[in-house]
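Every number for a ligand or one of its atoms is a count from 1 in the order of the listing. Remember, it's a predicted structure, so these values are computed and weren't measured experimentally.
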Amino acid sequence: MELVASPMKINTAEFETSAKSLDTCPAPGVPELAFIGRSNVGKSSLINMLSGRRGQLARVSSTPGKTRLINFFMMDQKWRLVDLPGYGYAKISKKARMIFRDFVSEYLVERENLLGVFVLIDSRLPPQEIDLDYISWLAESEVPFALIFTKSDKLSKTAAQKTVEKFYKVLSERIEGTPDHFVSSAKNGGGKKEILGYIGQNLEA
Ligand SMILES: Nc1nc2c(ncn2[C@@H]2O[C@H](COP(=O)(O)OP(=O)(O)O)[C@@H](O)[C@H]2O)c(=O)[nH]1
Ligand SMILES: [Mg+2]
């Protein structure tokens, strides 16, 4: 996939607030892009990498799945990056392809200023049922999303590409259409330009 990345740079990035219910989220006001995925997939690391702030903005943890908070980060006082809790926790009934309506799914479906969500997938793993289920649910719920294959520094470019191809093959049996995707590394900045370019286009649209 070739995307023309408009140059995009974040000048100021600040932690704004945490919310543990829909009604404690900050006033919509500015557009938001959210990040979701299994605990430990690299959401917080990616947010730190994209925002380019020296030091941590989002807390990177080695003990996954502790918090059930939505964290809001304000970029250039004009738009937000949103760190959603890992969905290893969400109760998914495969049969009904329904997700327990916790406040994260409420946020995704009801948040009026949400431009879209990035679903993070570990590029080292074969397609995981929980990721496929979650993506199917997003598609059915008509939440706009793109995929980001994380931790690409841990494997070769060819191996990462294989993961992507395999994932899309399995996903095509589950949803219609081909969502956009990126390959990222919080370690070496891989994917930063492309993801920010994509965000820039979405903010302008
Ligand atoms: N090598 C490598 N490690 C990463 C990358 N992203 C995250 N990690 C590590 O994976 C663990 C979980 O990262 P974190 O950002 O807290 O994941 P989260 O639970 O999804 O927010 C931490 O030990 C990170 O240092 C990456 O791109 N490359
Ligand atoms: Mg995190």
Side-chain angles (χ1 to χ4, degrees), residues 10 13-21 25-26 32-75 80-92 99 102-105 107-108 114 116-135 137-138 143 145-164 167 181-199:
I10 297 168
E14 288 151 13
F15 170 75
E16 192 179 359
T17 190
S18 295
K20 58 179 185 330
S21 63
C25 289
E32 287 168 4
L33 291 127
F35 296 80
I36 199 157
R38 285 181 308 120
S39 290
N40 225 35
V41 71
K43 292 177 295 295
S44 302
S45 302
L46 184 66
I47 286 175
N48 288 329
M49 186 268 266
L50 292 174
S51 63
R53 233 180 63 151
R54 249 176 288 162
Q56 279 187 29
L57 186 65
R59 198 183 319 152
V60 173
S61 97
S62 44
T63 40
K66 266 196 311 200
T67 48
R68 293 289 297 157
L69 294 173
I70 297 184
N71 292 310
F72 293 86
F73 302 96
M74 183 64 92
M75 303 294 133
R80 296 187 184 108
L81 289 179
V82 180
D83 193 1
L84 298 172
Y87 56 51
Y89 169 98
K91 297 186 185 75
I92 299 171
I99 289 195
D102 66 351
F103 85 105
V104 177
S105 37
Y107 167 87
L108 288 168
L114 179 66
V117 56
F118 292 103
V119 182
L120 274 60
I121 296 159
D122 192 323
S123 61
R124 297 168 301 174
L125 303 177
Q128 302 289 297
E129 202 56 34
I130 191 165
D131 293 328
L132 294 162
D133 272 346
Y134 208 88
I135 291 167
W137 175 81
L138 286 172
V143 178
F145 67 91
L147 309 181
I148 299 180
F149 294 85
T150 63
K151 306 191 185 185
S152 65
D153 56 279
K154 294 213 177 189
L155 68 180
S156 73
K157 217 174 169 181
T158 330
Q161 206 44 49
K162 281 234 165 70
T163 301
V164 172
F167 197 89
H181 80 273
F182 304 91
V183 176
S184 76
S185 164
K187 256 215 171 111
N188 64 25
K192 179 175 181 175
K193 201 178 75 191
E194 290 79 6
I195 296 167
L196 285 180
Y198 183 85
I199 290 175

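When only interatomic distances are considered, the shortest N/O to N/O separation between S45 and ligand 1 falls below 3.5 Å. When only interatomic distances are considered, the shortest N/O to N/O separation between N40 and ligand 1 falls below 3.5 Å. Distances between N or O atoms of S39 and those of ligand 1 include no value under 3.5 Å. An N or O contact shorter than 3.5 Å is missing between K154 and ligand 1 by distance.
Qualifying side chain to side chain donor-acceptor pair (under 3.5 Å) partners for N48, counting only residues two or more places apart in sequence or in other chains: none. In this structure, the side-chain contact (heavy atoms from CB on, under 4.5 Å) partners of S152, at least two apart in sequence or on a different chain, are S123, V183, S185.
Contacts with ligand 1 closer than 4.0 Å are made by side-chain heavy atoms of D153 only, the backbone lying farther away.
In this structure, the side chains of L125 and R38 come closer than 4.5 Å at one or more pairs of heavy atoms. In this structure the side chain of L108 never reaches within 4.5 angstrom of the side chain of F145, judged on heavy atoms. The side-chain heavy atoms of M74 and P26, taken from C-beta on, include no pair separated by under 4.5 Å.
The main-chain N or O of G37 is found under 3.5 Å from a side-chain atom of K43 such that the two form a donor-acceptor pair.
Taking backbone and side chain together, S44 holds an N, O or S atom under 2.8 Å from the Mg ion (ligand 2).
Of the listed residues (G86, S44, G189, S185), the one carrying the non-hydrogen atom nearest atom 21 (O) of ligand 1 is S44.
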